[in-house]
Amino acid sequence: MLVQALFYSALLSAREMLTPEDASADLIRALNNRLVALSFHIREYYWIDMKKLNEIYRYKTEEYSYDAVNKFNIYPDQISSWLVEWMPNRGGYLIGNLQPAHMDFRFFSLGNLWSVVSSLATVDQSHAILDLIEAKWADLVADMPLKICYPALEGQEWQIITGCDPKNTPWSYHNGGAWPTLLWQLTVACIKMNRPELAARSVEVAEKRISQDKWPEYYDTKRARFIGKQAQLFQTWSIAGYLVAKLLLADPSAAKILITEEDSELANAFSSAINANPRRKRGPKNSQKTYIV
């Protein structure tokens, strides 16, 4: 998810650096087409909330027509048991990865936060991401913000996917560890959505310990109670994450330089793409059918 969010930001930045003129017209057109295609794909196929989860739960498989609902032939059995209980009624997020017939349902903090900041997520989706963080505060923030992903890979999954990586044991480092540097991204996202109180709450949690703990790189355990077993101390990015969050909360207008508001032309193009999506028009079937083979 983070790769797509950063790519979207890079495309926006590239377009901003181009002067509208005859020589750049084709390039600007190509950038706009790519931005619309990327935003449509992420918003439509990467989004998960209770409504979408229930839709996947009732998916039919082996659908190959042009207007198939289960476009990627995802089997409902892929829904993880933890997600069924964990997903709040209010809130949602963009999943980590989508491959043919496979979904990674883990919540990745940085990709979701940057999707809010860059406007890759819609306004409703952005609020839902923050709703989820608030609803699952005990899991994602706990004793030290912010979990880099949730949940951690454990057991055979950890052995296969990480190759038994001793640094990425469950609830440590990149496998469910908590990283204080993520405070500033959370703060920017909250300021953009006019919800600074959520960021202020997370900063209050961090400052109870982080200075006494000598500004470690990351924290371990499910509730982030321990300093990471291999975490370096006095880390610049941990200090910077906290300081930037504090300064932005003191002067929210300073966050404007980091925030991308959704382009109205791209939004209109996205709406057109949504309306043209055959999945949204499943009415009586015509006698003539089109198939993708």
Side-chain angles (χ1 to χ4, degrees), residues 1-5 42 46-50 52-53 56 78-98 102-117 120-121 125-162 165 167-187 189-190 195 198-199 201-203 205-206 216-229 231 238 241:
M1 187 60 246
L2 176 58
V3 173
Q4 287 87 348
I42 297 298
Y46 278 58
W47 181 253
I48 190 82
D49 56 13
M50 185 58 79
K52 183 66 175 181
L53 192 60
I56 296 170
Q78 289 181 22
I79 298 176
S80 305
S81 57
W82 66 267
L83 183 61
V84 175
E85 301 299 328
W86 193 73
M87 178 65 75
N89 290 326
R90 186 163 170 259
Y93 62 100
L94 295 162
I95 62 173
N97 192 28
L98 181 61
H102 179 73
M103 302 177 84
D104 185 343
F105 288 108
R106 285 177 294 166
F107 174 79
F108 290 89
S109 298
L110 189 51
N112 275 275
L113 292 175
W114 206 252
S115 294
V116 175
V117 174
L120 175 56
Q125 288 174 346
S126 296
H127 276 297
I129 289 168
L130 297 184
D131 286 340
L132 180 125
I133 291 173
E134 190 170 21
K136 293 301 174 181
W137 192 265
D139 294 326
L140 300 176
V141 177
D143 292 344
M144 180 59 64
L146 184 65
K147 276 277 181 290
I148 196 167
C149 67
Y150 186 93
L153 296 173
E154 299 185 88
Q156 192 173 45
E157 248 190 336
W158 168 73
Q159 293 175 351
I160 293 172
I161 294 177
T162 75
D165 185 351
K167 193 168 188 177
N168 275 313
T169 52
W171 308 109
S172 179
Y173 199 53
H174 291 152
N175 187 17
W179 293 72
T181 190
L182 295 176
L183 270 174
W184 76 267
Q185 289 98 336
L186 173 61
T187 302
C190 290
R195 297 172 65 171
L198 192 63
R201 184 181 167 195
S202 65
V203 168
V205 171
E217 182 182 20
Y218 65 93
Y219 285 78
D220 281 358
T221 74
K222 199 169 184 177
R223 287 194 56 87
R225 297 182 65 191
F226 291 2
I227 295 172
K229 57 189 174 184
S238 296

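These numbers were taken from a predicted model, which means no experiment stands behind them.
- Residues satisfying the side-chain hydrogen bond (donor to acceptor under 3.5 Å, both in side chains) test with W47, not counting sequence neighbours, are D49.
- Qualifying side-chain hydrogen bond (donor to acceptor under 3.5 Å, both in side chains) partners for S109, counting only residues two or more places apart in sequence or in other chains: none.
- In this structure, the side chain to side chain contact (heavy atoms under 4.5 Å, CB included) partners of Q156, at least two apart in sequence or on a different chain, are Q159, I160.
- Remark: L2 engages L6, L110 in a side chain to side chain contact (heavy atoms under 4.5 Å, CB included) (not counting sequence neighbours).
- At least one side-chain heavy atom of M144 sits less than 4.5 Å from a side-chain heavy atom of P180.
- At a threshold of 4.5 Å between non-hydrogen side-chain atoms, the residues I48 and I56 count as touching.
- Residue pairs meeting the side chain to side chain donor-acceptor pair (under 3.5 Å) criterion with at least one partner in residues 142-155, sequence neighbours excluded, are D143-R223.
- Remark: Y173 engages K167, N168, W179, Y218 in a side chain to side chain contact (heavy atoms under 4.5 Å, CB included) (not counting sequence neighbours).
- When every heavy atom of M1 is checked against every heavy atom of L94, the shortest pair comes out as SD-CB, 3.5 Å.
- Listed by chain and residue number, Y46 satisfy the side-chain hydrogen bond (donor to acceptor under 3.5 Å, both in side chains) test with Q4 (two or more places apart in sequence, or in another chain).
- Taking CZ of R201 as the start and SG of C190 as the end, the distance is 11.0 Å to the nearest 0.5 Å.
- Although no hydrogens or angles enter the test, the distance criterion places a donor-acceptor pair under 3.5 Å between the side chain of S238 and the main chain of P216.
- Pairs passing the salt bridge (Lys or Arg N to Asp or Glu O under 4.0 Å) check and including a residue from residues 174-186, sequence neighbours excluded, do not occur.
- Q125 places none of its side-chain heavy atoms less than 4.5 Å from the side chain of L120.
- Between A189 and L130 the shortest heavy-atom distance is O-CD1, 4.1 Å.
- Between the Y93 side chain and the F105 main chain, a donor and an acceptor come within less than 3.5 Å of each other.
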Name the atoms and distances for all side-chain donor-acceptor pairs under 3.5 Å in residues 131-141, with sequence neighbours left out.
{"from": "D131", "atom 1": "OD1", "to": "R195", "atom 2": "NH1", "distance (Å)": "2.9"}
{"from": "D131", "atom 1": "OD1", "to": "R195", "atom 2": "NH2", "distance (Å)": "2.9"}
{"from": "E134", "atom 1": "OE1", "to": "R195", "atom 2": "NH2", "distance (Å)": "3.2"}
{"from": "K136", "atom 1": "NZ", "to": "W86", "atom 2": "O", "distance (Å)": "3.0"}
{"from": "D139", "atom 1": "OD2", "to": "W86", "atom 2": "NE1", "distance (Å)": "2.8"}

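- Taking T162 as the reference, W158 meet the side-chain hydrogen bond (donor to acceptor under 3.5 Å, both in side chains) condition, with sequence neighbours excluded.
- Between atom CD1 of residue I95 and atom CG of residue N112 there is a gap of 10.0 Å, rounded to the nearest 0.5 Å.
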